[in-house]
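Treat the numbers as computed from the prediction; the structure is a model and nothing was measured. Every chain is numbered from 1, with letters handed out A, B, ... down the list of sequences.
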Amino acid sequence: VRRTGFQRRLRDELHRTRPPRAAEAERRAWEVVRAAHADRARVGPRPRPGRRLALAALAAALAAVVVLSPAGAKVGDWIGDVVTREEKTTPATPGSLPAPGRLLVVSPGGPWIVQDDWARRRLGRFRDATWSPGGKYVAAARGRELVALEPDGDERWVRPAPGRVSAPRWSPDGYRIAYRSGTDLWIAVGDNTGRWRLARGVGAAAPAWQPRQPIGAQVVAFASGRRIRIVAVDGPRLVGATPPGPVPRELWWTADGARLVAVSGGEFRVYGQRGRALHRRALPPRMRVTGSALDRSGRRLAVAAERRGASEVLLYRLGSSAPPERLFAGSGRIEGLTWSMDGRVLVLGRPDSDQWLLLPLGAGERLQEVSGVRRLFAGGSRAAARLTAPFPRPAGWCYAEPPESDGAPACSVGAAPAVVP
Amino acid sequence: LVRAAQAGSDEAMEALFRVHWGRAHRAAFLIVHDAAAAEDIAQEAFLAAIRALDRFDRRRPFGPWLHRIVVNRAIDWSRARTLRREVAEPVESEAPPQQSEVWSEEVVAALGVLDPDQRAAVVLRHLLEYTPGEIADLLEVPRGTVNSRLRRALDRLAVELGPGEEERS
């Protein structure tokens, strides 16, 4: 009788349980479940004509606004500024990628894998993507889901998240994936056997994994207010934090893992592996950063910056106080900077001209151009082909054949989503 | 409800969700003791249910099927869990949990000393109110195993909760 009473009390206590913030959790879960059910219903037998008509009317209205409004006229002006008028509607690519390997491209139509000969495969309707370190998988974001894909587009696994997923980044050892869910930073196990929240309220910059850390002891840096925190994710353990500084927009580690580079709106700073400030370089006056990329060796930082409608790409050598080398200057905005794996080519995105420039850094090599980039990666989506759509960006390059005796990953992290100064 | 949800009814899907979410979420929380993980596990269980909705045998009840997914995933999560605390300070905007939403912390703490299999057995028996035979089916273990897990778990809980708990009963 005594035990029965104890059990009754236990049952009552268990029934009184409410997990913390249960109502919010229920609301979030219902949104995800409802969307999943709606997706299932869409491929099922029950069309909803009223809803379709409303969507069609909305699409027509939006199209009219784009064509007729002053904003539409502005788009027409941009078209007049591009380098060659006929190439902006007809995609044109060089015969092959300027450097060996495979390129991952993220566009509004989804991520694509581009082979050496520019053969392209779209992986599906995902919003963001990144290579695994060996190039065997791609981690991609789809609404509130983190998805691991094989390079042929097959979904390996799916992991729901409480918030909208963005900026996935695979750890160098391949066992962890860092990603933002809403404004929180989460870590997922690479084979989808678990995940945990590492930090709340992190900054917009994508997390950056420190190279050359032991397997199972991976370290990630992420923006947290005006500081950058450096954390060993298994444990987890705070390795270090930088002093307060400008809010970083992009974070890069040097290849040896000894230096962390934080690029913000008007400067970049170099920190030690525990966050000690080592070096600061300001950009020329009134220039605002629109993109950056650190080459695979970790010695050269390319920075794109804009001032009064004109842009420059500047090359800084880390550890040197020499003035930067100006690699390119032109009208319009430049974004989506990405180095090839061999460091011989820098890709520049020029959204106003709907083109990529493949800028060789070797002497005597020819600059190449890819035009009609939006249509090239629209995947049949008219919205993605429009000049108002976000511009496709290279999101990482993989060696076709990784060099021997090189312990570094075979794939790189490419350009982060564009930032608006 | 399942039939209507299979036919694409949003209303039926919502009704199914509202009926089953609370218990699924609570069960996951009591096993994993982590609010975010519990939400994730319960949500994943519903998504798995939706993916398998067309294949679901309508002659069988929906609840046990969902609970099986939830409890097994929660056990897996608990086993895989190591030290995974957050390191960043909580953001100021995040409000502390309301007192009315926090259940008896004493019993939560006591459950925390059990191993995941024992917690799952307690939750299935005393929250979801399955019989030991049904629990054995859900977890795919012998009935004797369920009984021994329940017995050891209740003995441990009685110790953890102290004599006061027992005397009151």
Side-chain angles (χ1 to χ4, degrees), chain A residues 1-11 13-23 25-26 28-30 32-34 36-41 44-46 158-162 183-187 189 193-202 222 224 229 231 233-238, chain B residues 5 7-8 10 13-14 17-18 21-22 25-26 28-30 34-40 42-44 46-47 50-51 53-54 76-77 80-91 93-94 97-98 100-104 106-108 122-123 126-127 129 154 157-158 161 165-166 168-169:
Chain A
V1 173
R2 193 185 68 156
R3 185 61 75 193
T4 302
F6 176 72
Q7 292 176 14
R8 192 182 310 121
R9 174 162 174 77
L10 178 64
R11 186 197 63 192
E13 290 282 359
L14 294 177
H15 277 88
R16 284 205 302 119
T17 308
R18 285 201 78 197
R21 290 179 284 283
E26 181 170 350
R28 283 192 296 266
W30 169 237
V32 174
V33 169
R34 180 175 56 186
H37 187 248
D39 284 347
R40 177 187 165 277
R46 212 172 57 93
V158 178
R159 176 156 282 271
T183 59
D184 295 347
L185 181 65
W186 288 74
I187 305 295
V189 180
T193 54
R195 70 160 193 180
W196 59 98
R197 181 168 46 203
L198 194 68
R200 298 176 191 269
V202 300
F222 57 90
S224 176
R229 295 184 188 281
V231 175
V233 300
D234 287 88
R237 179 174 56 85
L238 184 65
Chain B
D10 292 341
M13 190 65 235
E14 179 163 13
F17 177 84
R18 301 296 176 199
W21 169 262
H25 186 207
R26 190 177 303 159
F29 176 68
L30 286 169
D34 180 303
E39 179 183 341
D40 186 29
Q43 184 176 298
E44 279 188 66
F46 271 97
L47 293 177
I50 287 171
R51 282 196 289 269
L53 206 53
D54 289 328
D76 289 344
W77 191 93
R81 183 182 195 177
T82 54
L83 288 172
R84 289 171 184 168
R85 294 184 307 277
E86 291 174 34
V87 288
E89 297 89 341
V91 292
S93 59
E94 187 180 4
Q98 298 293 312
S100 61
E101 290 185 345
V102 180
W103 82 306
S104 164
E106 201 178 10
V107 180
V108 166
V122 169
V123 166
H126 297 288
L127 174 72
E129 302 189 12
L154 291 177
L157 287 175
L161 292 171
E165 288 290 333
E166 291 192 338
R168 274 200 294 273
S169 62

- Message: Under the criterion side chain to side chain contact (heavy atoms under 4.5 Å, CB included), I'd like the reasoning laid out for A:R34 against B:D10: C-alpha separation, chi angles, the key distance, then a yes or no.
- Response: CA-CA 7 Å; A:R34 180 175 56 186; B:D10 292 341; 5.7 Å; no
- Message: Would B:L127 and A:R11 count as a side chain to side chain contact (heavy atoms under 4.5 Å, CB included) here? Give the steps.
- Response: CA-CA 6 Å; B:L127 174 72; A:R11 186 197 63 192; over 6 Å; no
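In this structure, chain A has a heavy atom under 4.5 Å from the side chain of B:E129, while its backbone stays farther away.
Within the 3.5 Å criterion, the main-chain N or O of B:E14 finds no donor-acceptor partner in the side chain of A:H37.
The shortest side-chain heavy-atom distance between A:P162 and B:D40 does not fall under the 4.5 Å cut-off. Side-chain contact between B:L47 and A:V158: absent, with no pair of heavy atoms (C-beta onward) separated by less than 4.5 Å.
When all heavy atoms of B:H126 and A:H15 are compared, the closest pair comes out as O-CE1, 3.4 Å.
Screening B:H25, B:R18, B:Q43 for a side-chain hydrogen bond (donor to acceptor under 3.5 Å, both in side chains) involving A:E26 leaves a single residue, B:R18.
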